[in-house]
Protein chains: 2
Amino acid sequence: MVSTVLGSGAMDNPPIVTVLDRAGYRLTEPRRSLAALIAGREGHFTATELVTEARARRLGVGRATVFRTLDMLAELGAVERLDLPSGEHAYVVCEPAHHHHVVCSRCGRSDEIDDTGLRKVVREVARRTGYRVDEHRLELFGLCPACLAGQPGPTRGVA
Amino acid sequence: MVSTVLGSGAMDNPPIVTVLDRAGYRLTEPRRSLAALIAGREGHFTATELVTEARARRLGVGRATVFRTLDMLAELGAVERLDLPSGEHAYVVCEPAHHHHVVCSRCGRSDEIDDTGLRKVVREVARRTGYRVDEHRLELFGLCPACLAGQPGPTRGVA
DNA sequence: GGCCCTGTTGAGACATGGTCTCAACTGTGC
DNA sequence: GCACAGTTGAGACCATGTCTCAACAGGGCC
């Protein structure tokens with residue numbers, strides 16, 4: 001697991017199956033398989049990647065089910081949907097609390113960041129524009145410490 | 001024109017045709033038509049909306065040309081591409097300088113905001129995570145002052 | 001065990017948004 | 001007029017995501 005929440009220390013996410021269970025969803029075989037697949041992922045992944053991997057591992061999980069499960073998990077806050085600069089949609093496993101991500105353009109690693117400083121920016125924007133700001137999204141892209149140090153890693157099409 | 005840049009005062013954008021001209025692109029008839037269409041827009045708009053409007057006005061401008069022109073203008077910084085919470089992509093006319101937008105979920109109006117406060121947040125994230133942050137995107141959604149005051153306006157599918 | 005009901009499933013059709021290709025056209029310089 | 005590069009629209013194509021539908025699964029009840 002790569003993702004960590006800055007400011008809240010190293011806190012393991014509850015397993016995805018637990019999140020589903022608690023929310024009252026049935027723990028069916030396809031959902032278990034997908035949960036395992038997602039939990040084994042590092043950094044961000046796309047729905048299509050998940051479909052491909054499920055097919056490669058002969059999990060017998062359909063495309064619709066992958067999208068449905070991801071929607072469900074996004075709603076429960078167990079994963080978050082990102083819009084990459086390339087226009088692709090990606091998902092990352094994350095804490096349910098409100099936060100944002102910084103994504104490595106090279107290896108796809110993503111780290112969570114809390115929005116302490118950002119809250120002030122949002123308040124200031126609301127004050128200056130007169131808007132009532134209901135929702136905000138911040139996404140940061142760059143190079144993670146490992147890639148900066150020149151460690152080899154797979155290139156992900158982020159930028 | 002709805003968009004304004006906070007912190008830089010009311011500064012009219014150079015006309016889109018001027019932006020194209022300066023960048024060395026030819027000012028063809030389809031581009032002029034599209035520029036006029038875009039300039040007449042308030043708030044954000046999608047590529048598909050533009051295609052539909054061009055067709056309705058019998059401008060004889062094809063889908064590919066609309067996408068190509070929008071790409072071109074986005075590259076030149078004359079429009080900016082937004083990812084709405086619904087997953088749609090939209091564009092807004094804007095200043096070439098780096099900035100962000102706050103978008104009204106009700107009427108589609110968008111205002112520009114500079115990123116003075118945000119720069120500090122980004123620096124802080126870089127310091128805490130060890131990432132080198134190359135790119136960041138901030139999008140705010142809510143209700144504009146007019147909609148807050150209860151003025152009637154078209155509902156846009158933003159949230 | 002048998003039945004019913006609801007939730008869930010995969011397959012595939014479909015919608016949407018965007019890109020690519022290609023032949024035709026256009027404008028510009030000579 | 002000619003050559004050439006830039007630009008065009010039409011339409012094929014692709015990627016991503018949604019919707020529909022019949023089949024299935026599993027829990028509760030008899």
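A note on names: the letters A, B, ... follow the listed sequences, proteins ahead of strands, and every chain is numbered from 1.
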Pick the nucleotide of DNA chain D nearest each of Arg26(B) and Arg55(B); which residue has the one closer to the 5' end?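 Looking at DNA chain D, the more 5' nearest nucleotide goes with Arg26(B).
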Go through it in stages, so that I can follow the logic: the residues are Leu50(A) and Thr69(A), the test is side-chain contact (heavy atoms from CB on, under 4.5 Å), and I'd like the CA-CA distance, side-chain angles, deciding distance and then a yes or no. CA-CA 11 Å; Leu50(A) 221 53; Thr69(A) 308; over 6 Å; no
What is the separation between atom [atom1] on [X] and atom [atom2] on [N], rounded to the nearest whole Å?
| X | N | atom1 | atom2 | value |
| --- | --- | --- | --- | --- |
| Arg32(A) | dA25(D) | CZ | P | 16 Å |
| Phe67(A) | dT9(C) | CZ | C1' | 16 Å |
| Leu59(B) | dA10(D) | CG | P | 12 Å |
| Leu50(B) | dG18(C) | CG | P | 12 Å |
| Asp71(B) | dT8(D) | CG | C1' | 16 Å |
| Leu34(A) | dT8(C) | CG | C1' | 13 Å |
| Leu27(B) | dT26(C) | CG | C1' | 14 Å |
| Met72(B) | dG6(D) | CE | P | 12 Å |

Any donor-acceptor pair under 3.5 Å joining the side chain of Arg63(A) to the base of dG17(D)?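 Side chain to base: pair present.
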Compare all side-chain heavy atoms of [X] with those of [Y] and state whether any distance is below 4.5 angstrom.
| X | Y | answer |
| --- | --- | --- |
| Asp111(B) | Tyr131(A) | yes |
| His101(A) | His44(A) | no |
| Leu59(B) | Leu37(B) | yes |

Is the closest basic N to carboxylate O distance between Glu53(A) and Arg57(A) below 4.0 Å? yes
Which of the following nucleotides, [options], is nearest to the side chain of [X]?
| X | options | answer |
| --- | --- | --- |
| Arg68(B) | dT9(C), dT8(D), dT18(D) | dT8(D) |
| Tyr25(A) | dT8(C), dT18(D), dT7(D) | dT8(C) |
| Ala64(B) | dC20(C), dT7(D), dT18(D) | dC20(C) |

Does a side-chain N or O from [X] land closer than 4.0 Å to OP1 or OP2 of [N], or not?
| X | N | answer |
| --- | --- | --- |
| Thr48(A) | dT16(D) | yes |
| Thr28(B) | dT8(D) | yes |
| His89(B) | dG17(C) | no |

